[in-house]
Amino acid sequence: MNKLLKAGFFRLRKDIIFWLFLFLSVGMAGFTLFRASTSSTEVVLDNLVKEYITYIGLFIAIFVSIFVGKEYSEGIVRNKVVVGHRRIFIYLANLVITSTVSVLCVFLYMAIILAIGIPLFGPMQMTMGQFLIGIGNMLLIIIAFCSIDHWITMLCSEITVSTTICTLLFIAMFIAAGALGVTANSSPYVHHTYIDENGNRHIISQEPSPNYPGDQVVKTARIVYLFLPQGQAQELWDNDSEYMNQMFLYSFVLIAVVNLSGIYFFSKKELK
Amino acid sequence: MESILETNQLEKKYGRFQAIHDLTMHIPKGAIYGLIGKNGAGKTTLIRILCGLQKPTAGTYQIYGISNQNPKMIEVRKRIGAIIESPSLCLDMTAEDNLKEQYKIIGLPNYEHLDEILKLVRLEDTGKKTAKHFSFGMKQRLGLAIALVGTPDILILDEPINGLDPEGIIEMRELILKLNQEKGITFLISSHYLDELSKVATCYGFMNQHRIVKEITKEELEQDFRKRTEIEVSNLKECVKYLEEMHFSYKVISDEKVDLYEEVNVSDLVLALSKRNCKVNHFQEKGESLENYYLNLMGGADNE
């Protein structure tokens, strides 16, 4: 596995898609800071830090499917099998490389946001504990995204097909997470409120919401929403989310299931 | 002769399609084994199985006496290099970087012999040019160079000269012969170019109907290829009598035809037979080729 990692990181340094991903992350950080600095509304640094995670899935889909897909199209996966590498290690080595790159890109983005954002907009509002839990969740979300895209690419072996599937899957997840998030966070009541002169919201009265889908539907939607890496990425916006531990668990389960099944199917796969 | 690679009743099915059936072959150590068969005969499937890319449905194969069912096969594979259909190379990297990556994949501690390998395949002057800008021949040679990293004992080449220009074909041939003679590498080469294959192969395996129908050494084949003269005579009895007296090597083909496996003076032969009241009606020199042999073996043009 060590040999495969060394070879993979060697190839990575020469790979244009890796450098594009890296520069794109720096560019996104710059763009986010520029947009925030010209915004007329109050800027919360916490949101800027977490913004990238909500669409990193798209970049991961493109990066993983092209980087790993190229290994197939150029015969490098085949070559690794021919010279005696076990398929489990071939699978895992590529997963480690793509996950490392994706984490690196997100951390690079965050480092730039924090380094320039703190002097511009002041410190973050979340506590160190919340920040660390958020980082932990982000790591798992990134690995989950990489695992899914890697699974597709390693089993598909056609670079154009895998890139298309990974990209479409992210778009589907993005739309699904949006819809599921609305359902999962829907309230059984409609609140009538007013805002006082200090900006505080007060509930005057409440009545059952006619659009409430029911407790079971909300519960199911929440589980699916929190199971999807994209749903988790959206849930991370709430620093006080009560589902942080659940998200850790779901990510672990997702990563384990996807990768174990990926290794199983890749071991059985008839390579050309 | 000691076999370095053997298969025993190998089978491969894709659903209902039988790609390989009851395939048994033996590749002697140090040989250049030419694998011959028409499209769809199962050559590439066989190569994929031997390289561990696919698993046989039934049967076994051994490399250096280790069965494919033995976990040690993973170790044996480190002694194999292969080019299957197209060379395995990273198009965004230079020839040198491609080799360096292979050194890392194999786990070699340093880049010893890297320059030597590049020189061997005549790619030492490609500098910073990436593989995507290489000609097809250069890519094939780079693929061979990559397969040579780690000094393998067996090289498996699937259609190595497909798409090469005449110069590229000559270069590839010389390279194969050099590696076989100087480094003792055993080759398994599948090719459609029978004439070209006959210039390097030391033994052959003919595939038909998804199995090996004949294995033959170069010497045995040459014996079959012997130049012969076909003579059509009016009196076969007298002709045979004369050939016996002269201790000539011959074979009676029909009531009127004899194949003569000797260099003879035509005038002397015709004169001698004429004295025995035997007229020579037709006289033709014939020579076999690998192509003819293959066609005869496969049942002639009907099989093409």
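Residue numbers begin at 1 in each chain, while the letters A, B, ... track the order of the sequences.
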At a heavy-atom separation under 4.5 Å, does Q102(B) approach chain A through its side chain, its backbone, both, or neither? side chain
So which of I84(B), T44(B), I80(B) has the biggest tally of heavy-atom pairs under 4.5 Å with chain A? I84(B)
Chain A contact via L91(B) - which portion, at a heavy-atom distance below 4.5 Å: both
N98(B) versus chain A, heavy atoms under 4.5 Å apart: side chain, backbone, both or neither? neither
Run the salt bridge (Lys or Arg N to Asp or Glu O under 4.0 Å) test on D92(B) and K14(A) for me, step by step, so that the C-alpha distance in whole Å, both residues' side-chain angles and the decisive distance to 0.1 Å come before the verdict. CA-CA 7 Å; D92(B) 291 330; K14(A) 316 273 176 182; over 6 Å; no
Counting distance only, does the side-chain N/O of Y103(B) pair as donor-acceptor with the main-chain N or O of L114(B) below 3.5 Å? yes
For chain B, which candidate among E71(A), R78(A), K6(A) shows the most heavy-atom pairs at distances under 4.5 Å? R78(A)
Name the orientation class of the two ring planes belonging to Y250(A) and F227(A) (parallel below 30°, tilted from 30 to 60°, perpendicular beyond 60°). tilted
Between the side chain of S99(A) and the main-chain N/O of I143(A), is any donor-acceptor distance below 3.5 Å? no
Okay, K70(A) and chain B: the region with an atom under 4.5 Å from a heavy atom over there is side chain
What I want to find out is whether K132(B) reaches E74(A) closely enough, with some N-O distance under 4.0 Å, to be called a salt bridge. no
State plainly whether the residues D115(B) and K119(B) are in salt-bridge range, i.e. N to O under 4.0 Å. no
Residue, of A147(B), C90(B), G150(B), G143(B), that accumulates the most heavy atom pairs under 4.5 Å with chain A: C90(B)
With a 4.5 angstrom heavy-atom cut-off, could you sort out which part of K12(B) is near chain A: side chain, backbone, both or neither? side chain
Is it the backbone or the side chain of P87(B) that comes under 4.5 Å from a heavy atom of chain A, or both, or neither? backbone
Name the one of Y91(A), F63(A), F67(A) that satisfies ring pair (Phe, Tyr, Trp, His ring centres under 6.0 Å) with H150(A)? Y91(A)
